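The structure under discussion appears below in the form of structure tokens.
In this text the structure is predicted, and so the values were computed from the model without any measurement. Just so you know, residue 1 is the first one in the sequence shown, and it goes up from there.
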Amino acid sequence: MNLKDFVLEGHRTFMPNVAVDCAVFGFHNNELKILLLKWKYIKGWSLPGGYMKHTEDAELAARRLLKERTGLDNIFLQQHHTFSGITRAKLSAQNLKMFDKILGVDVPADNWLHARTVAIGYYALVEYSKVAPQPDSFTESCEWRNIEDIPPLMFDHDEMVTHALKTLRLQLSHQPVGLNLLPLKFTIGELQSLYETLLGQPLDRGNFRKKMLSTGILKKTGERPTGKAHKTPHLYSFNKKAYAESFKSGISFP
């Protein structure tokens, strides 16, 4: 659907009052980044997102949008909050002015895009070297930015990032992560580096090792990293069945 058809006829395909916005966090080489869109014609950045189709539920819409932006199908995805502030309609109206420049047409006051929209927030975790970022019709680029270097975002997306990151870090205390972020075989140190990067703080090495081994989600491969000194750490892999059970039932990891 081209941009003009989206503005004038999009309500036939999309739900006018329900959107999905995704904070996509990327992990690689002990850095945490977030995927942002740079908009056309106006100076602004936002999270990837869009309206939910009449034929979709929220998670299906989120996975469709992330597939379009990242090219990935198998993404760790969690819903974290519903954003329903009464100021959201005003924020949207301020940015609808851009369509005058893009399309050369006025967007009437009764256009479906002026309606107050409730946004369902998701966050995703990916290995960002595997992502091929793609902009959408409204944006000129889709880029990774370091989590410590995020520009001011449009709409209420600054609030979304803050809440998504807070939820992600809380999740680390009761659900495992790493299955799609680490190599098939990894050291305890590499797993700890992942957790420290996501948390933004160091962890005690002995306590971390003891806790992770006690969860049962790790299994020793009997191998060590090749090409290194003899006393190298053991390599582990995830016990996928135990990982899935722990993700469902929860673990205790303060």
- Note on the structure: Closest non-hydrogen atoms of S46 and W39, given as atom of the first, atom of the second and distance, are OG-NE1, 2.8 Å
- Message: Assess the residue pair Y236 and L213 against the criterion (side-chain contact (heavy atoms from CB on, under 4.5 Å)); give the C-alpha distance rounded to whole Å, side-chain angles, the decisive distance to 0.1 Å, and a yes or no.
- Response: CA-CA 10 Å; Y236 291 81; L213 292 177; 3.7 Å; yes
- Query: Relative to the ring of Y243, is the ring of F247 parallel (under 30°), tilted (30 to 60°) or perpendicular (over 60°)?
  - Reply: parallel
- Message: Would the distance check show the side chain of Q192 and the main-chain N or O of L203 forming a donor-acceptor pair, the cut-off being under 3.5 Å?
- Response: yes
Quick one: side chains of residues 27-38, donor-acceptor pairs under 3.5 Å with protein atoms, not counting sequence neighbours, listed by atom name and distance.
residue : atom : partner : partner atom : Å
H28     : ND1  : E127    : OE2          : 2.6

- Query: Only one of I75, T70, L66 forms a side-chain contact (heavy atoms from CB on, under 4.5 Å) with V131, so which one is it?
  - Reply: T70
- Message: Could you walk me through whether F208 and E196 satisfy the side-chain contact (heavy atoms from CB on, under 4.5 Å) test, starting with their C-alpha distance in whole Å, then the side-chain angles of each, then the deciding distance to 0.1 Å, before giving a yes or no?
- Response: CA-CA 10 Å; F208 181 85; E196 289 177 335; over 6 Å; no
- How long is the gap from CG on D158 to CE on M160, to the nearest 0.5 Å? 10.5 Å
- Query: Can you tell me how far CG of L179 sits from NZ of K240, rounded to the nearest 0.5 angstrom?
  - Reply: 6.0 Å
- Item | 4.5 Å side-chain heavy-atom contact, P176 and T215 | no
- Task: Quick one: list whatever passes side chain to side chain donor-acceptor pair (under 3.5 Å) with Q171, sequence neighbours left out.
- Result: Y123, Q175
- Query: At what distance, to the nearest 0.5 angstrom, does NZ of K210 lie from CG of D204?
  - Reply: 11.0 Å
- Distance col, row C22:SG vs Q78:CD, nearest 0.5 angstrom, shows 12.5 Å
- Would you give the length of the straight line joining atom CH2 of W144 to atom OH of Y128, rounded to the nearest 0.5 angstrom? 8.5 Å
- Message: Grouping I, L, V, M, F, W and Y whenever their side-chain heavy atoms are under 4.5 Å apart, do Y122 and L172 come out in a common cluster?
- Response: no
- Could you tell me whether R169 atom CZ has more than 12 heavy atoms of other residues or ligands within 6.0 Å of it? yes
- Item | Test item: D136 and E68 side chains (from C-beta on) under 4.5 Å apart, heavy atoms | no
Listed pairs under 3.5 Å, donor-acceptor, residues 9-19 side chains, sequence neighbours left out:
residue : atom : partner : partner atom : Å
E9      : OE1  : R12     : NE           : 2.5
E9      : OE1  : R12     : NH2          : 3.4
N17     : ND2  : R116    : O            : 2.8

- Between CG of L168 and CG of L199, what distance do you get to the nearest 0.5 Å? 8.0 Å
- Item | Derivation and outcome, ring-ring contact (aromatic ring centres under 6.0 Å, His included), residues F6 and F138 | CA-CA 11 Å; F6 173 79; F138 301 94; 5.2 Å; yes
- Message: Minimum heavy-atom separation for C142 and P133, please, with both atom names.
- Response: O-CB, 3.2 Å
- Message: If we ignore hydrogens and angles and just use 3.5 Å, is the side chain of T221 paired with the main-chain N or O of E223 as donor and acceptor?
- Response: yes
- Evaluate the side-chain proximity of R69 to V24: yes if any heavy-atom separation is below 4.5 Å, no if none is. no
- Show the numbers, then the answer: is there a ring-ring contact (aromatic ring centres under 6.0 Å, His included) between H54 and Y51? CA-CA 9 Å; H54 293 290; Y51 286 91; over 10 Å; no
- Item | F25 vs L198, side-chain contact (heavy atoms from CB on, under 4.5 Å): CA-CA, chis, key distance, verdict | CA-CA 9 Å; F25 298 110; L198 297 179; 5.8 Å; no
- Let me see the working for L191 and M212 under side-chain contact (heavy atoms from CB on, under 4.5 Å), right down to the final yes or no. CA-CA 9 Å; L191 181 60; M212 294 309 297; 3.7 Å; yes
